[in-house]
Amino acid sequence: MRDLLRTVVVAPMAGGPSTPALVTAAARAGATGFLAAGYKTPQAVEDELRAVDGVYGLNIFVPAAPPPDVEALERYRRALQPEAERYGVELPPLRLGDDDHFAAKVELARAYGVPLVSFTFGVPGRAVVAALREAGCRVLITVTSDDEAQRALAVGPDALIAQGGTAGGHSATTSPGSYTGDATALDVLRAIRTDVPVVAAGGVAGPADVERLLAAGAAAVQCGTAFLLADEAGTRPAQRDFMLAGRGPGTVVTRAFTGQPARAVRNRFTDAYTAVAPIGYPAVHHLTAPIRAAAARAGDADGLNLWAGTGFRSARPGPVADLLAALMPS
Ligand SMILES: Cc1cc2nc3c(=O)[nH]c(=O)nc-3n(C[C@H](O)[C@H](O)[C@H](O)COP(=O)(O)O)c2cc1C
């Protein structure tokens, strides 16, 4: 495991930022990079698996959504109508079922013997973990508490990822109703009782954060936000421009875009809808998709899910090798 998990893991970032170029450059620079399978078709994932080079991982979403509250989702659909009008788009009918091609993505990981396979949004079945390990893959499961860690350990992973509420993007929490996002990566790392290696993730802005997490026992530190502006990342231009302009009042945990708690830069959309958004991934993700797409086309950061962790103001542009060097403790 130690040969695969370098000190810094460049986090999987679905929705654009993670590219084979980012992952390959991370490997060349001495980090471990992850491809993000989330939202992609199996064909797109396979294309990326063919394009990547060096030690790497693949991240897969576990379809573990609680039963949807259709009435609450319909209410949210009505609440979003002014946004649809603002951007001149139609809100789609509710789409409740979507497993993000889970089985096909696991099969690809097996077929390609992907060295590291991480999961988020829940715990994969024991048979899935066993099949991956049999194919030579090492399995990591993302958790946000010791409770989740114990459930994850029951299926026999090689390592855990302890994700703090400070992390950018979706939380892996399986309790989206009570999740506050207040726990730091250090809090989650310290709470977890296990003998398997634990990778810490969330809110890392510089070498002091990396050093603190390693000193507390982390096997590696997974960083996403610090690489959002990397030259090799596929981050959307509207998000890049927004972050480069150094604006933004801070970050907030919100279900407004997807129905699953996620940390994003606060903007007009999060201010308007965080209080009323229901639990309901992936239904809310599909519902807001046309709004987000129109906002991206218009370069309007106020209608976009600007996923970012609490350390977002420290993110810098440049080649991944330079960004990595800036994060390494001396
Ligand atoms: C834009 C973005 C997209 C993300 N997408 C994923 C993903 O697809 N899968 C996943 O396990 N984690 C995802 N994450 C969370 C990261 O794995 C990691 O927990 C987080 O980036 C660590 O916190 P930091 O952003 O403060 O460094 C994403 C994070 C960001 C910022």
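Both backbone and side-chain heavy atoms feed into the values below; hydrogens, waters and symmetry mates do not. Numbering of ligands and ligand atoms starts at 1, following listing order. Residues: numbered from 1 along the sequence shown. All values derive from a computational prediction rather than experimental measurement.
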Where ligand 1 meets [X] - atom numbers and elements under 4.0 angstrom, heavy-atom basis:
X	value
G309	26 (O)
C223	27 (O)
A201	19 (O)

Do [X] and [Y] sit within salt-bridge range, that is, some charged N less than 4.0 Å from a carboxylate O?
X	Y	value
D100	K40	no
E107	R110	yes
E46	K105	no
R212	D209	yes

To which protein heavy atom is [atom] closest, and what is the distance rounded to 0.1 Å?
atom	result
atom 27 (O) of ligand 1	G224 N, 2.9 Å
atom 16 (C) of ligand 1	A11 CB, 3.6 Å
atom 25 (O) of ligand 1	T225 OG1, 2.5 Å
atom 29 (C) of ligand 1	G168 O, 3.1 Å
atom 4 (C) of ligand 1	M13 CA, 3.4 Å
atom 9 (N) of ligand 1	N59 OD1, 2.7 Å
atom 26 (O) of ligand 1	G203 N, 2.7 Å
atom 19 (O) of ligand 1	Q163 NE2, 3.1 Å

Taking atom NE2 of H286 and atom CG of D98, what is their separation to the nearest 0.5 Å?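 Answer rounded to 0.5 Å: 3.5 Å.
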What is the distance from atom CD of Q81 to atom CZ of R78, rounded to the nearest 0.5 Å? 10.5 Å
Would you check whether A14 has a nitrogen or oxygen atom less than 3.5 angstrom from a nitrogen or oxygen atom of ligand 1? yes
Please check whether Q222 reaches ligand 1 - meaning an N/O of the residue sits under 3.5 Å from an N/O of the ligand, judged on distance alone. yes
At the 4.0 Å heavy-atom cut-off, does [X] count as touching ligand 1?
X	value
G15	no
P12	yes
F61	yes
G38	no

Would you please classify the geometry between the F119 ring and the F102 ring as parallel, tilted or perpendicular, with 30° and 60° separating the classes?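 F102 vs F119 ring planes: tilted.
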From A264, A315, A167, A200 - option closest to atom 23 (O) of ligand 1 by heavy atom: A167
Using a 4.5 Å cut-off on heavy atoms from C-beta on, say whether the side chain of L73 contacts that of V284.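 They are in contact (side-chain heavy atoms under 4.5 Å apart), so the answer is yes.
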Does the pair F121 and Y281 meet the rule for a ring pair (Phe, Tyr, Trp, His ring centres under 6.0 Å), with working shown? CA-CA 10 Å; F121 291 176; Y281 182 88; 5.1 Å; yes
Per the side chain to side chain donor-acceptor pair (under 3.5 Å) rule, which among T120, T258, N305 passes with H170?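 Only one option passes, and that is T258.
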Could you pull out all residues at least two apart from Y112 that satisfy ring pair (Phe, Tyr, Trp, His ring centres under 6.0 Å)?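 By the ring pair (Phe, Tyr, Trp, His ring centres under 6.0 Å) rule, Y112 matches no residue at all.
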